[in-house]
K.L.:
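If you scroll down you'll find the structure; I have some questions about it.
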2 protein chains.
Amino acid sequence: MDNTAGKRPTVKDVARLAGVSQGTVSNALSGMRGVDPETRQRIDQAIATLGYVPNLAARRMRTGLTNTIAVMTSMPAAVSAGSSRLGFLMEIAASAAIHALDYNSALVLVPPVADPAVALRHVAMDGAIVIEPQRDDAFLSLLKHRGVPVVVIGEPPASHPSGGDLPWVDLHYTRTAELLLSHLLEQGARRIALILGTSSRASQSTTEVIYQAWMLLRGIPPCVIRVPETEGEEGAYQATRYLLTNNPDVDAIFVPVDAFATGAMRALRDEGRTVPDDVRVVTRYDGLRAREERPALTAIDLHLDQVAALATRLLMDLIAGKEIQQVTEGPLPSLVARGSSQD
Amino acid sequence: MDNTAGKRPTVKDVARLAGVSQGTVSNALSGMRGVDPETRQRIDQAIATLGYVPNLAARRMRTGLTNTIAVMTSMPAAVSAGSSRLGFLMEIAASAAIHALDYNSALVLVPPVADPAVALRHVAMDGAIVIEPQRDDAFLSLLKHRGVPVVVIGEPPASHPSGGDLPWVDLHYTRTAELLLSHLLEQGARRIALILGTSSRASQSTTEVIYQAWMLLRGIPPCVIRVPETEGEEGAYQATRYLLTNNPDVDAIFVPVDAFATGAMRALRDEGRTVPDDVRVVTRYDGLRAREERPALTAIDLHLDQVAALATRLLMDLIAGKEIQQVTEGPLPSLVARGSSQD
DNA sequence: CTGAAAGCGCTTACAG
DNA sequence: CTGAAAGCGCTTACAG
């Protein structure tokens with residue numbers, strides 16, 4: 001298969017064997033310019049004989065395109081890391097990888113790590129999908145500096161300096177909060193507490209706004225606890241114990257971050273409260289954590305595969321220079337009611 | 001930040017501003033050759049002023065390295081696809097992405113699709129991790145043709161034409177089968193059936209061999225059903241109903257493929273059998289499917305994050321031209337006993 | 001320690 | 001439809 005020199009054959013080798021010029025081989029390969037059928041056949045023959053495979057790096061350098069997109073999130077490792085905890089990011093990555101193929105592109109998975117600059121240093125990409133960025137998101141800043149086209153999943157934080165003009169796919173934060181709150185109220189909950197992260201993400205602020213409005217409307221005293229994402233499950237555990245001590249009459253806890261929900265469930269067990277009889281619990285992301293909890297957690301199906309498919313197509317259009325709208329409606333979230341909130 | 005021409009600055013621009021040659025800038029960047037501290041400072045200054053970011057495609061073309069590895073599996077989509085079904089592949093990908101960073105490399109996620117050649121066409125990589133390849137695995141053949149270094153996760157099928165000499169990380173198929181069978185026997189199961197896929201993977205053949213030996217030793221008549229992976233959950237559903245009709249005294253089913261286990265559980269429900277009282281069920285991969293089933297499925301913790309970390313390091317050593325052993329012991333699997341097999 | 005130059009393997013105007 | 005040539009932006013011998 002290999003040529004005699006022992007190194008990979010190049011267009012030059014193919015051209016020589018087929019008796020044409022390099023440019024003609026290139027044209028036959030790319031289909032950009034017409035090539036005589038008979039000539040094309042000779043070239044295909046030569047390619048097969050030599051086992052020629054194009055050097056992608058050379059092609060990329062020449063065209064400036066990498067046929068690669070990347071997906072990333074700056075969500076702190078404490079709430080997203082651990083191989084089986086990466087659900088949110090990984091669901092999106094899996095779907096994006098499949099849909100990127102339709103555009104002849106590969107997907108690079110950028111893991112959540114301490115230093116985004118390090119994570120991106122060796123990633124060449126035509127565009128990026130950024131999941132739920134926070135204010136002053138490091139990934140967003142780096143990408144802007146590099147001039148990489150970006151599509152955001154979830155509403156970007158208000159007035160992000162690195163571009164309030166970024167296109168995004170709506171994850172319906174308002175509707176998500178309403179689905180969970182109305183479910184809790186329907187189930188008879190009256191003293192609903194909210195445990196949020198401290199990061200400045202739109203998902204958090206929107207959830208709090210909706211929660212406050214709903215509580216106000218129903219005359220329920222609001223109770224919001226914020227836990228730094230970096231403290232992860234344990235931070236939520238401590239916060240929940242504190243909550244139960246100071247608000248012993250709480251009968252429901254709304255915990256959007258699933259890692260926090262795990263901590264809250266443990267705290268409830270340790271405090272001797274029964275879920276859902278004494279206290280109902282709901283979370284947002286319907287991943288491993290929600291499903292392995294006992295009772296399993298009521299959560300929201302965000303239809304992330306469809307969201308990722310949408311984001312991928314938008315990004316490809318953006319890369320291709322097409323006009324795209326700034327906000328794209330994602331699929332509507334749906335409630336997945338489970339034992340943690342209903343009898 | 002950008003230079004006046006509106007295009008990205010290059011080493012040339014940096015060199016001009018710093019008053020040195022291109023080569024010196026390159027040396028300062030790579031650290032390959034010593035550079036005078038004072039000169040280096042001028043270069044760093046110029047880089048900062050211009051906002052210079054190296055063109056990775058050019059670097060890759062020149063060095064022949066891509067700082068990228070890929071992870072892939074040829075497991076049919078019917079048993080692995082669907083965003084939340086990709087657990088096995090995604091757990092490995094998540095871990096590999098993190099560990100690849102230690103080697104300044106990015107991870108490309110190659111999704112399971114109908115045509116591996118299409119999936120790989122635009123992927124440039126220094127090496128690849130291939131998960132549980134089957135005999136005549138298309139990915140393995142393509143990679144061999146391209147001369148890409150490969151590390152396999154799980155034992156490769158016997159005498160693979162594309163290289164029985166591939167290095168691999170052991171997933172302990174024998175021990176896994178023994179853990180599950182001994183657990184079933186301990187729980188009192190005596191009529192154990194085995195439902196396998198038809199693909200030629202070592203995990204399947206090893207499991208069957210162990211199963212047959214154990215049954216023989218205990219005088220239990222073996223009962224093995226093979227279902228094509230392409231038929232997925234539904235195929236296993238049909239097979240299980242057939243099994244229960246023809247072997248009504250079955251009191252346990254060993255279903256290594258988790259998608260099949262979901263089908264088997266549904267068949268048991270439809271046949272009016274109670275799990276675990278009438279029939280005990282165990283599977284291998286401890287993912288979403290195992291945990292959301294009711295009762296939750298007894299499964300095996302394969303410690304895939306550690307397996308992936310090992311595979312990544314091995315691959316990096318292989319790429320670096322180091323000698324590596326052909327077989328690497330992965331972490332030992334451990335039983336996760338759940339309601340599907342114990343009272 | 002530094003510079004000048006070659007060349008990696010493609011694709012793309014530019015001619016014909 | 002095809003060829004000859006330039007050039008993408010790096011890194012790396014080769015001199016000094």
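What's counted below: heavy atoms across the whole structure, side chains too, no hydrogens, waters or symmetry copies. This is a predicted model, so every value here is computed, not measured. Throughout, a chain's letter reflects where its sequence line sits, starting with A, and its residues are numbered from 1.
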K.L.:
Given A/Met316, which of A/Ile324, A/Ile69, A/Asp102 fulfils the side chain to side chain contact (heavy atoms under 4.5 Å, CB included) condition?
P.N.:
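The residue from A/Ile324, A/Ile69, A/Asp102 that satisfies side chain to side chain contact (heavy atoms under 4.5 Å, CB included) with A/Met316 turns out to be A/Ile69.
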K.L.:
Using whole Å, report how far NZ of A/Lys12 lies from C1' of C/dG7.
P.N.:
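Result: 10 Å.
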K.L.:
B/Ala58 or A/Val25: which one's nearest nucleotide on DNA chain C is closer to the 5' end?
P.N.:
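Nearest nucleotide further toward 5': that of B/Ala58.
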K.L.:
If I compare all heavy atoms of B/Tyr103 with all of B/Arg313, which pair ends up nearest, and what's the gap?
P.N.:
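Shortest heavy-atom separation between B/Tyr103 and B/Arg313 comes out as OH-CG, 3.3 Å.
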K.L.:
Atom NE2 of A/His122 and atom P of D/dC10: how far apart are they, to the nearest Å?
P.N.:
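These atoms are roughly 14 Å apart.
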K.L.:
Using OP1 and OP2 only, check whether a side-chain N or O of B/Ser21 sits under 4.0 Å from C/dG3.
P.N.:
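True: B/Ser21 side-chain N/O within range (under 4.0 Å) of C/dG3 OP1/OP2.
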K.L.:
Over how many whole Å does the gap from B/Asn27 atom CG to D/dT12 atom C1' extend?
P.N.:
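Interatomic distance, CG of B/Asn27 to C1' of D/dT12: 9 Å.
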K.L.:
Are B/Leu143 and B/Met125 packed together at the side-chain level, in the sense that at least one heavy-atom pair is separated by less than 4.5 angstrom?
P.N.:
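Contact flag for B/Leu143/B/Met125 side chains = yes.
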K.L.:
For the pair made of CZ in B/Arg59 and P in C/dC8, what is the distance, rounded to whole Å?
P.N.:
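Rounded to whole Å, this separation is 20 Å.
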K.L.:
Whole angstroms only, please: what is the CG-P distance between A/Asn55 and D/dC8?
P.N.:
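Distance, rounded to whole Å: 18 Å.
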K.L.:
Does A/Thr24 make a side-chain N or O approach to OP1 or OP2 of D/dG3 shorter than 4.0 Å?
P.N.:
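For D/dG3, OP1 or OP2 has a side-chain N or O of A/Thr24 closer than 4.0 Å.
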K.L.:
Would you mind reading off the distance between A/Arg62 atom CZ and D/dA5 atom C1', rounded to a whole angstrom?
P.N.:
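Taking CZ of A/Arg62 and C1' of D/dA5, I get 11 Å after rounding.
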K.L.:
Heavy atoms from C-beta onward define the side chain here; which of C/dG9, D/dT11, C/dC1 lies closest to that of B/Asp36?
P.N.:
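Closest nucleotide among those given: C/dC1.
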K.L.:
Between D/dG9, D/dT12, C/dT11, spot the one nearest the side chain of A/Thr63, thanks.
P.N.:
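In terms of side-chain proximity for A/Thr63, the closest of D/dG9, D/dT12, C/dT11 is C/dT11.
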K.L.:
Looking only at the side chain of A/Thr39 (C-beta and beyond, no hydrogens), which of the listed nucleotides C/dG9, D/dT2, C/dT11 gets closest?
P.N.:
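Among the listed nucleotides, the one closest to the side chain of A/Thr39 is D/dT2.
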K.L.:
Applying the Watson-Crick and G-U wobble criteria at under 3.5 Å, what pairs with C/dG16? Answer none if nothing qualifies.
P.N.:
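Pairing partner: D/dC1.
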K.L.:
Decide whether A/Ser30 and A/Arg59 meet the rule of one side-chain donor and one side-chain acceptor closer than 3.5 Å.
P.N.:
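Side-chain D/A pair, A/Ser30 to A/Arg59: absent.
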K.L.:
Nearest whole Å is fine: how far is D/dG3 C1' from A/Ile43 CD1?
P.N.:
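Distance, rounded to whole Å: 12 Å.
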K.L.:
Taking for each residue the nucleotide of DNA chain C with the nearest heavy atom, is it A/Pro54 or B/Arg40 whose nucleotide lies nearer the 5' end?
P.N.:
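Closer to the 5' end of DNA chain C: B/Arg40.
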K.L.:
Using a 6.0 Å cut-off, check whether atom CD of B/Gln41 has over 12 heavy atoms from anything other than its own residue.
P.N.:
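Open: at most 12 neighbouring heavy atoms sit under 6.0 Å from CD of B/Gln41.
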K.L.:
Which of these nucleotides, C/dT11, C/dA4, D/dG9, is closest to any side-chain atom of A/Gln22?
P.N.:
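Out of C/dT11, C/dA4, D/dG9, the nucleotide with an atom closest to A/Gln22's side chain is C/dT11.
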K.L.:
Whole-Å distance between D/dC10 C1' and B/Leu65 CG?
P.N.:
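Roughly 13 Å, once rounded to whole Å.
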